[in-house]
Amino acid sequence: MNANPASSRPTAPPHTDLNNAHRLVKALSKSPRKLDVTEEHRARALQILHALTSEAIRRGWKVVPPVQPSGHNHTRSTTAYAPPGRNLLAIDAGSAPINIRIRMQFRKEPHTPDHNEASRKSKPFSWDIPKWAFIPINAIQVEVRADPYSPTVLRDGPRKSIEDGISRALQKVEDATTKVLDNRRRAEEWAIERAREEKERREIEHLTWQYESWLSPLEKLASSVSRHHKVAAAVDELTAYANSLPEGTEHRRALTRYIAWANDHIDATNPARRFIPPADEMPSLAHETWRRSHSSTLEMHRNPL
């Protein structure tokens, strides 16, 4: 509430011709009751709107009908934190139409229930009983509602009038567009970064698969060679035992025949002789990079989201 005496407040500007006003301001001038102000303040309210819209248009911005805010607007509730009001028009600096509202100032006081409300207060479904009463005072304010919960409010003061704050109101409109553009830029940068990371991940996946397509046959060969070496070692042991037997014995002759067959088998089953390397392109991924990628994949499988 403005407690300054009327003599200390800035005087209202002289009457402004509305012939060149924006069509939305002209429409309000033809239906002045749509303004949430008393009759004595209507002319000034229209002048303020004309000044706001004229400067916005001069800057190359748009003046459009008021926009419906997304979600629930708590200022429509009788139990809310502010008196009801009407968005008159919106100013758009490029990417964020911001509603403009002019209304009477109110003094907020606890609501005193009337007889009917008092009788319902202790009963269910008493939620619609107002918590606050808003008592109008003889002063207007301009609201730039970039945020319905905390609008930028212009009021007359001892040294500055609402008209002096028009540049601040328009700065709020410009800031809203700047915020939208910054958020859009960050979202685009984030999307580009995610796309880059996804592309890199797919490339690493492909290179990892390529590396493992060469590694897998090698590991299978190593397993076969290990098994082949065990068989060859067993034949060597058997040969040493056979040589320790007396010559000419039937057991030694039988072992010698078997060992000859075993040596042919070992020679025929040498894994290195039967190994065929992969035909696809040689992996370009370094072993250390593959190891990190492989460890990351194992960790992801151990701890799924």
Side-chain angles (χ1 to χ4, degrees), residues 69-72 94-96 147 149 175-305:
S70 58
H72 177 64
S95 299
D147 178 0
Y149 296 93
D175 290 345
T177 282
T178 300
K179 182 178 180 180
V180 169
L181 294 177
D182 286 345
N183 290 340
R184 188 178 300 167
R185 175 182 53 80
R186 283 193 290 269
E188 290 173 353
E189 290 175 352
W190 179 84
I192 291 172
E193 180 64 17
R194 286 296 302 271
R196 186 193 64 78
E197 291 176 354
E198 179 64 15
K199 181 181 179 181
E200 183 178 282
R201 184 187 66 81
R202 290 182 181 276
E203 288 177 352
I204 291 294
E205 278 186 355
H206 174 72
L207 293 175
T208 300
W209 172 86
Q210 193 179 47
Y211 190 101
E212 292 175 353
S213 70
W214 280 53
L215 177 61
S216 180
L218 183 61
E219 290 178 335
K220 291 180 180 178
L221 175 63
S223 178
S224 299
V225 166
S226 176
R227 186 168 59 252
H228 183 264
H229 285 171
K230 289 180 180 179
V231 173
V235 172
D236 290 342
E237 288 290 332
L238 188 60
T239 300
Y241 171 69
N243 291 336
S244 68
L245 296 175
E247 295 185 6
T249 61
E250 183 63 26
H251 188 38
R252 179 168 176 168
R253 286 196 296 271
L255 287 177
T256 300
R257 287 198 306 274
Y258 182 79
I259 290 169
W261 173 87
N263 283 325
D264 289 340
H265 171 77
I266 291 170
D267 187 59
T269 57
N270 185 345
R273 289 186 177 182
R274 296 181 289 109
F275 180 76
I276 301 176
D280 52 341
E281 185 180 354
M282 184 176 69
S284 59
L285 194 67
H287 170 73
E288 192 63 25
T289 305
W290 169 81
R291 187 183 64 80
R292 287 196 299 269
S293 175
H294 185 68
S295 299
S296 176
T297 302
L298 291 177
E299 183 68 22
M300 185 175 63
H301 286 303
R302 279 196 296 266
N303 302 299
L305 295 177

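A quick note: this is a predicted structure, and the numbers were derived from the prediction, not measured.
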**Q** To the nearest 0.5 Å, what is the distance between CZ on R292 and CG on L285?
**A**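 Separation between the atoms: 9.0 Å.
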**Q** Should the heavy atoms of other residues, nucleotides or ligands under 6.0 Å from CZ of R185 be counted, would the total exceed 12?
**A**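 Count over threshold, so yes.
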**Q** Counting only heavy atoms from other residues, nucleotides and ligands, does the tally under 6.0 Å from CD of E237 exceed 12?
**A**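 No, CD of E237 has 12 or fewer neighbouring heavy atoms, counting only those of other groups under 6.0 Å.
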**Q** So, taking the atom named OG in S213 and the one named NE2 in H206, what distance separates them when rounded to the nearest 0.5 Å?
**A**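 Result: 8.5 Å between the selected atoms.
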**Q** Can you see which heavy atom on I266 is nearest to which on A232, and at what distance?
**A**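 Heavy-atom minimum between the residues: CD1-CA, 3.5 Å.
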**Q** Walk me through whether S226 and K230 qualify under side-chain contact (heavy atoms from CB on, under 4.5 Å).
**A** CA-CA 6 Å; S226 176; K230 289 180 180 179; 4.1 Å; yes
**Q** Is the backbone N or O of E212 less than 3.5 Å from a side-chain atom of S216, with the two atoms forming a donor-acceptor pair by type?
**A**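 Flag not set: sc S216 to bb E212 has no pair under 3.5 Å.
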**Q** Which class fits the ring pair H251 and Y241: parallel under 30°, tilted 30 to 60°, perpendicular over 60°?
**A**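 Plane angle over 60°, so perpendicular.
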**Q** Yes or no on salt bridge (Lys or Arg N to Asp or Glu O under 4.0 Å) for E197 and R201, after CA distance, side-chain angles and deciding distance?
**A** CA-CA 6 Å; E197 291 176 354; R201 184 187 66 81; over 6 Å; no
**Q** Determine yes or no for a side-chain-to-main-chain donor-acceptor pair under 3.5 angstrom, with T256 supplying the side chain and R252 the backbone.
**A**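 Flag set: sc T256 to bb R252 pair under 3.5 Å.
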**Q** Kindly indicate whether the side chain of T269, heavy atoms from C-beta on, has any atom under 4.5 Å from the side chain of H228.
**A**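 A side-chain contact exists here, since the closest heavy-atom pair is under 4.5 Å.
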**Q** Does CD belonging to E247 count more than 12 external heavy atoms closer than 6.0 Å?
**A**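 No, because the 6.0 Å sphere around CD of E247 holds 12 heavy atoms or fewer from other groups.
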**Q** Stepwise, does the side-chain contact (heavy atoms from CB on, under 4.5 Å) test hold for W214 with D280?
**A** CA-CA 9 Å; W214 280 53; D280 52 341; 3.1 Å; yes
**Q** Can you list the steps and then say if R253 with E250 is a salt bridge (Lys or Arg N to Asp or Glu O under 4.0 Å)?
**A** CA-CA 5 Å; R253 286 196 296 271; E250 183 63 26; 2.6 Å; yes
**Q** Looking at every non-hydrogen atom in both residues, tell me the closest pair between P278 and P217 and how far apart they are.
**A**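 Closest pair (atom of P278, atom of P217, distance): CG-CG, 4.0 Å.
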**Q** Can you list the steps and then say if R196 with E200 is a salt bridge (Lys or Arg N to Asp or Glu O under 4.0 Å)?
**A** CA-CA 6 Å; R196 186 193 64 78; E200 183 178 282; 3.4 Å; yes
**Q** Look at the aromatic rings of W261 and Y258 and report parallel, tilted or perpendicular, splitting at 30° and 60°.
**A**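 If you compare the ring of W261 with that of Y258, the planes turn out tilted.
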**Q** Is it the case that atom CD in E281 sees more than 12 heavy atoms from other parts of the structure closer than 6.0 Å?
**A**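 It does not: E281 CD has 12 such atoms or fewer within range.
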**Q** Any side-chain to backbone donor/acceptor pair from T177 onto S95? Under 3.5 Å, distance only.
**A**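 Looks like yes, one N/O pair under 3.5 Å.
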**Q** For a quick test of reading the model, state the closest non-hydrogen atom pair linking L221 to A272 and the distance between them.
**A**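 Scanning both residues, the minimum pair turns out to be CD1-N, 4.1 Å.
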**Q** Should we say atom CZ of R202 is surrounded by more than 12 heavy atoms from elsewhere, each under 6.0 Å from it?
**A**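 No, because the 6.0 Å sphere around CZ of R202 holds 12 heavy atoms or fewer from other groups.
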**Q** Mark yes or no for whether D267, through its side chain, and N263, through its backbone, hold a donor-acceptor pair below 3.5 Å.
**A**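 Pair absent, no side-chain N/O of D267 close to backbone of N263.
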**Q** Do L215 and W290 touch side chain to side chain, with heavy atoms closer than 4.5 Å?
**A**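 Of all side-chain heavy-atom pairs linking W290 with L215, at least one is under 4.5 Å.
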**Q** Quick one: does E198's side chain get under 4.5 Å of R194's, heavy atoms only?
**A**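 No, their side chains stay 4.5 Å or more apart.
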**Q** Hey, is the main chain of K220 close enough, under 3.5 Å, to the side chain of S223 for a donor-acceptor pair?
**A**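 Not a single qualifying donor-acceptor pair exists.
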